[in-house]
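The basis for the numbers below is simple: all heavy atoms, side chains too, and nothing from hydrogens, waters or symmetry mates. The structure presented is a predicted model; accordingly, all values stated were derived computationally and were not measured.
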Amino acid sequence: MNETRPSPDALLKAAQREGRGRLKIFLGAAPGVGKTFEMLREGAELLRTGTDVVAGVIETHGRTETERLTAPFEVLPRAKIVHGAHTLEEFDLDAMLKRHPQVALIDEFAHTNAPGSRHPKRWQDIEELRAAGIDVLTTLNIQHVESLNDVVAGFTRVRVRETVPDAVLDDAEIEVVDLPPDELIDRLKDGKVYIPAEATRALGHFFSKSNLSALRELALRRAAQTVDRHLLDHVASLGESGTWAGGERVVVAVGDQPGSETLIRSAKRLADALRASWTAVVVETPRTATLSAEARARMAHALDLATGLGATIATIPARSVLEGLVAQIREARATAVVIGKSRRSWWFELRHGSIVDRLVRALDGVAIHVVPVAQPSETLREAPTTRPILARGSLIGLALVGANTALATLLQPLVGANAMDLLYLLPVIATATLYGLRPSLIASIGAALAYNFFLPAAALHADDHRSAECRHADRVRHRRGRREPIGRASPPRSQSRRAHRHRKCRARGVRPASCRRRR
């Protein structure tokens, strides 16, 4: 992977932002922290620099200090919408598009528009303004973020109905308007947030110190995540390498093996401990298409669990699990990786290697957390050779045989024909090691045919050499006077000589004993 190459996704995001208006959100933990005040203050600074700034909607809630800040701005009249027997006032989107200022001030980003409006939500009105090239300053409380809706309801016991999608925040610049809980409670008691009757009720429910502290933490963390994402997009568009670990990022590898739920829960605990975002990664290899229905259901269940726990899901197509995993880790600039390791035989790891070991060698500056996972009986065996793997292994094995034939043709005049048959063992052994039994059998058949058809001189030389050995053995047995079949052991040399003397004595008509004495 070329780490200096700019990311196409980051370049696409930058191209999509061209011509669109900029969105800046003043994010607060709760009402009354001063979001509208800060928005008006920044708008006034822009106005003093000569920027054309128009106020579309400003909700002062009767606060005199806030109303005083709206004086320098041009404020558009609101549109009147008749709903039943009532006439409602809403932000006039068409008037703002017609006026087309450089910057628009629009309060309450998560507001729900009255029935009959062009868009049901105010954030959709703002998106149309941005598409027209108008910059927008707006305000938002953290409890209105969609992904945090359940979290906030868990400790405040209040379910917020008006929410904003997280994707809108990811494309915005966020400025946190922070106020300590004690100061906010004092403002509430002084009547600077709500009228006294509403303030007393709010202090007993939503505006408790514990709730405000938790909301404040959520606002700060959400702003940090957005800043971190903008940082990653920027360095990716420049093609710069490195983790850029301004914040912690966790990646967990999810596969079809049993125990993926354990990995996901471990990654969730690690991400919570590090207060980090985390991603569940699935690598789709050619083997993925051959998975059984049970394995696919197991993987889908694991991804559902990860989604429910708040993970981002990434599916990466790659030729191998290691290649896809390393690519995603580098693209996400992860600082920690959670991966499972099951008990395998030493022979399996010797043949196929360990993904964990290769991952350690491939990554620098990344903490790798290895979680032992159980291995049921069905996965203790090696996976059967599937048709795509069989075809690929057979083709590669035959290609190795072809390359070996070319090499043997070049080496035969130099080293002779004796070692050519041994040379053909190399592609067969390599295919068996990499792809298993069946591709190696096909490679061995190809090696035998190539040896006999493309190197006939070596094959004939080997046959002549074996025939000469057989003829030499026959001559030796003939001289010994015994027609023994090939493969029988020859008698000792002393016995052969004694038998020869006896035959000579009998030919002269002399008994062997007297013949031996005369000699």
Side-chain angles (χ1 to χ4, degrees), residues 13-28 35-63 65-141 144 146 161-175 177:
K13 288 181 180 179
Q16 290 174 344
R17 284 193 292 266
E18 291 294 331
R20 285 176 57 85
R22 184 175 61 93
L23 174 63
K24 183 171 183 178
I25 298 175
F26 292 88
L27 182 65
K35 302 181 298 297
T36 304
F37 185 91
E38 287 296 323
M39 179 183 70
L40 292 173
R41 186 185 59 80
E42 181 163 332
E45 292 180 359
L46 293 173
L47 202 60
R48 283 193 293 270
T49 61
T51 305
D52 185 13
V53 182
V54 174
V57 176
I58 303 296
E59 301 290 351
T60 62
H61 298 288
R63 302 168 190 151
E65 54 187 12
T66 305
E67 292 176 352
R68 196 179 307 119
L69 289 175
T70 62
F73 299 103
E74 175 188 350
V75 181
L76 293 181
R78 301 194 183 188
K80 299 185 183 306
I81 299 176
V82 178
H83 178 64
H86 303 280
T87 301
L88 306 176
E89 292 186 350
E90 288 291 349
F91 166 61
D92 195 341
L93 176 60
D94 292 326
M96 184 65 76
L97 289 172
K98 184 178 180 180
R99 174 65 175 75
H100 204 283
Q102 292 177 276
V103 179
L105 306 181
I106 302 175
D107 213 353
E108 296 188 0
F109 191 44
H111 174 75
T112 299
N113 292 331
S117 301
R118 183 184 306 176
H119 301 294
K121 299 289 185 179
R122 183 169 289 173
W123 65 265
Q124 295 172 319
D125 294 339
I126 291 176
E127 286 298 297
E128 186 171 343
L129 292 177
R130 294 183 62 202
I134 301 174
D135 295 342
V136 179
L137 305 183
T138 187
T139 61
L140 180 70
N141 287 323
H144 295 288
E146 179 64 42
R161 301 299 177 186
E162 296 178 329
T163 58
V164 174
D166 289 61
V168 181
L169 273 69
D170 294 338
D171 194 31
E173 177 186 351
I174 293 181
E175 178 177 327
V177 182

Non-hydrogen atoms of Ser117 and Glu90 that approach each other most closely: OG-CG, 4.2 Å
Set of residues satisfying side-chain hydrogen bond (donor to acceptor under 3.5 Å, both in side chains) with respect to Arg41, sequence neighbours excluded: Glu38, Glu45
Glu67: salt bridge (Lys or Arg N to Asp or Glu O under 4.0 Å) partners, not counting sequence neighbours: none
Nearest heavy atoms of Ala172 and Ile25, plus distance in Å: CB-CD1, 3.8 Å
Distance (rounded to the nearest 0.5 Å) between Asp125 CG and Phe91 CZ: 6.0 Å
With Asp92 via side chain to side chain contact (heavy atoms under 4.5 Å, CB included) - residues at least two apart: Ala79, Asp94, Ala95
Minimal non-hydrogen separation, Val53 against Gly43, with atom names: CG2-O, 4.0 Å
Counterpart residues, side-chain hydrogen bond (donor to acceptor under 3.5 Å, both in side chains), relative to His119 (two or more places apart): Glu128
Check: Glu108 main-chain N/O paired with His144 side-chain donor or acceptor under 3.5 Å: no
Pairing residues for Leu69 by the side chain to side chain contact (heavy atoms under 4.5 Å, CB included) criterion, not counting sequence neighbours: Phe37, Leu40
Residue of the set Val136, Leu140, Leu27 for which side chain to side chain contact (heavy atoms under 4.5 Å, CB included) holds with Phe109: Leu140
Residues forming a side-chain hydrogen bond (donor to acceptor under 3.5 Å, both in side chains) with Thr139, sequence neighbours excluded: Asp107
With sequence neighbours excluded, residues passing side chain to side chain contact (heavy atoms under 4.5 Å, CB included) with Ala131: Arg20
Closest approach of Leu23 to Glu127 (non-hydrogen atoms, all atoms of both residues): CD2-OE2, 4.5 Å
Side chain to side chain contact (heavy atoms under 4.5 Å, CB included) partners of Thr112, counting only residues at least two apart: Lys121, Glu162
With Arg99 via salt bridge (Lys or Arg N to Asp or Glu O under 4.0 Å) - residues at least two apart: Asp52, Glu74
Value rounded to 0.5 Å, distance of CG in Leu169 from CD1 in Ile174: 4.5 Å
Those residues that, when tested against Lys24, pass side-chain hydrogen bond (donor to acceptor under 3.5 Å, both in side chains) (two or more places apart): Glu42, Glu175
